[in-house]
There are 2 protein chains.
Amino acid sequence: MKPTATAVHTTEDSTDTGAQQIRDAIRDAIVERRLSPGTKLSESDVGNLFNVSRTLARAALQALSYEGLVSVEKNRGAFVAYPSPDEARQIFAARRLVEPGILREAAARITPSQIQHLKQLLIAEGRLMSERGQMARRAEIKASGDFHLTLAAISGNAIMQRFMDELVARSSLVIALYGQSTISSCGHSEHGDIVAAIERNDLDEACRLMLHHIAHIEADLDLRERKSVGLKEAFEG
Amino acid sequence: MKPTATAVHTTEDSTDTGAQQIRDAIRDAIVERRLSPGTKLSESDVGNLFNVSRTLARAALQALSYEGLVSVEKNRGAFVAYPSPDEARQIFAARRLVEPGILREAAARITPSQIQHLKQLLIAEGRLMSERGQMARRAEIKASGDFHLTLAAISGNAIMQRFMDELVARSSLVIALYGQSTISSCGHSEHGDIVAAIERNDLDEACRLMLHHIAHIEADLDLRERKSVGLKEAFEG
DNA sequence: GTGCAAACGATCGTATACAATTTAGCCATC
DNA sequence: GATGGCTAAATTGTATACGATCGTTTGCAC
């Protein structure tokens, strides 16, 4: 119930400062779409909200800007990132670029217990899909990303895992902005198909399915510049 | 003479704060191996060195920690990253994973003038290789990385470009730690071969050369745990 | 009533100050 | 002589304070 976005990791890093907690809290809020793109994140407000000084709030926002989840504009403040259509395309292009490779690495190292873990994830994901309510939707969004993140974790490459963390989080922002269908997450069955392909050791097919899966998510986007809302944003960012 | 590590970019971002300058300066020092892995980077010292307060120094160090170039330990301070052999393997695994894809994207979009630019880079690199002296060595190190970075820039994907920035910088750290041969950079001729393959539109061969090139760099490493130094580091990380 | 200008308010950028934790040096003790 | 704990110095963690910049609004002239 408590684990944050990095719940995928088995070893909690226990990093250096309390700013990380704020960072994770805001990140979760962004990924779960409780914070809309473009929302202003004033340093003072964030500080007051978490009962810390502006120093820590600023550090957290700065950290989030390195992940591409918030954009800080000089002397203007921090905002929840509002990825442009071009940025969105780059995010998915990056995913198409790295996820097959991650999948191959993961499949080469995967253990039976890890396969079991993946299947349990799918079950939980399926259960959330059938539930109703905002809370279930948000949990579903995160669960959907957790599949890809878990694959990255299994691959054993912490660097790629961190990169996927970033890509999945930013994807959530893109979907929030440009997603058309009410289906908040990607096709659940496609995840299952991928696991099945991994299980029978058909890597080429698994990669093909993964690429198809990513393309499927991207196809649900309407990557045209926003018109009504954009009138203001068009000149700000 | 002045351009920093991000000299590859044509459009300077002019980011939000003066901490970025400090960050870039320290990063250059790390990448050019003027700062050895493990060196302590005290916030006060950094601040005094650049005539700014600890606040900015801390922000710069924090930023560098997100790139994996320095590691900050709670209540202990920041140190130039000392990548473990396993970390080193992961860095190169990541490069093997992404660079072929980046190469393909770049080749698909490359213009004649960009090919020309690449060739000029190779010429400059070759000139530096023949020169003697520490300064030339350092410039050579950076030039060698610039080849890979330029390819990422040509690919048109800013996200992958940033990722490559990180990977190349961290590679420099790894080579500084575990590199055996005096050849500080990777084989210069291999870069030329890759460009040639791109020019004649032989993408498969270009990717093959790229993978071979990365493997060649990695093969020059001695990824055994350090013995004498390790007695302390073995329990600290 | 409209347009420009100057002052106001809010927010960020940076520096300084204080609290908490670690590290080291030292003395006492075994 | 080695070990254990204690005190003091140094360094980081966090908060507050001050200066700079930007956006807004008010007031005056036209």
Side-chain angles (χ1 to χ4, degrees), chain A residues 12-26 35-82 229-237, chain B residues 12-26 35 38-67 69-82 229 231-237:
Chain A
E12 185 51 50
D13 224 16
S14 113
T15 39
D16 59 325
T17 169
Q20 305 295 78
Q21 295 180 17
I22 301 172
R23 178 182 74 90
D24 288 343
I26 297 179
L35 282 170
S36 300
T39 302
K40 166 140 191 167
L41 299 174
S42 157
E43 294 177 355
S44 314
D45 292 351
V46 172
N48 291 346
L49 189 58
F50 292 93
N51 289 102
V52 294
S53 81
R54 260 186 58 216
T55 305
L56 288 186
R58 184 185 178 83
L61 292 172
Q62 200 73 16
L64 287 165
S65 92
Y66 292 128
E67 304 181 46
L69 291 184
V70 317
S71 71
V72 301
E73 303 177 24
K74 185 179 172 75
N75 282 319
R76 277 190 33 86
F79 305 83
V80 178
Y82 197 103
V229 242
L231 191 110
K232 193 163 60 176
E233 276 79 6
F235 294 87
E236 288 182 341
Chain B
E12 186 52 48
D13 224 15
S14 114
T15 40
D16 59 325
T17 168
Q20 305 295 76
Q21 296 180 16
I22 301 172
R23 179 183 74 90
D24 287 344
I26 298 180
L35 282 171
T39 303
K40 166 140 190 164
L41 298 174
S42 157
E43 294 176 357
S44 314
D45 292 352
V46 172
N48 291 346
L49 189 57
F50 291 94
N51 288 102
V52 294
S53 82
R54 260 185 59 215
T55 304
L56 289 184
R58 186 184 178 85
L61 292 172
Q62 201 72 16
L64 287 166
S65 92
Y66 292 127
E67 305 181 46
L69 292 183
V70 317
S71 70
V72 300
E73 303 177 24
K74 184 179 171 75
N75 282 318
R76 280 188 31 86
F79 305 83
V80 178
Y82 196 103
V229 243
L231 190 111
K232 193 163 58 176
E233 276 78 7
F235 294 86
E236 287 181 342

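In what follows, chains are A, B, ... by sequence order, proteins preceding strands, each numbered from 1. Computation of the quantities below employed the complete heavy-atom set of this structure, encompassing side-chain atoms and omitting hydrogens, waters and symmetry-equivalent molecules.
- Annotation: the span from B:Arg23 atom CZ to B:Ser65 atom OG amounts to 11.5 Å, rounded to 0.5 Å.
- When the C1' atom of D:dT14 is taken as reference, atom CD of B:Gln62 falls 13 Å away, rounded to whole Å.
- Across all strands, B:Ser42 comes closer than 4.0 Å only to sugar-phosphate atoms, never to a base (heavy-atom distances).
- Shown here for A:Ile22 and A:Ala60, the closest heavy-atom pair between the two residues is CG2-CB, 3.7 Å.
- Atom CG in A:Asn48 sits roughly 13 Å away from atom C1' in C:dT11 (whole-Å rounding).
- In the set D:dT14, C:dA15, C:dT11, C:dA15 carries the atom at the smallest distance from any side-chain atom of B:Val52.
- With rounding to whole Å, B:Leu61 atom CG is found 12 Å from D:dT12 atom C1'.
- The CG-P distance, from B:Asp45 to D:dT12, rounds to 8 Å in whole Å.
- Residues A:Val72 and A:Leu61 come closest through the heavy atom pair CG1-O, 4.5 Å.
- Annotation for B:Ala57 and B:Val46: closest pair CB-CG1, 3.7 Å, computed over non-hydrogen atoms.
- With the nearest nucleotide of DNA chain C identified for both B:Leu56 and A:Glu43, A:Glu43 has the one nearer the 5' end.
- Of the residues near DNA chain D, B:Thr55 and B:Leu41, the one whose nearest nucleotide (by heavy atom distance) lies more toward the 5' end is B:Leu41.
- Following rounding to the nearest Å, A:Asn75 (CG) and D:dT21 (P) show an atom-to-atom distance of 7 Å.
- Put simply, CZ on A:Arg58 is 7 Å from P on C:dT14, counting in whole angstrom units.
- When rounded to the nearest whole Å, the span between CZ of A:Arg54 and P of C:dA17 equals 18 Å.
- Between the C1' atom of D:dG13 and the CD atom of A:Gln21 lies a distance of 13 Å, rounded to the nearest Å.
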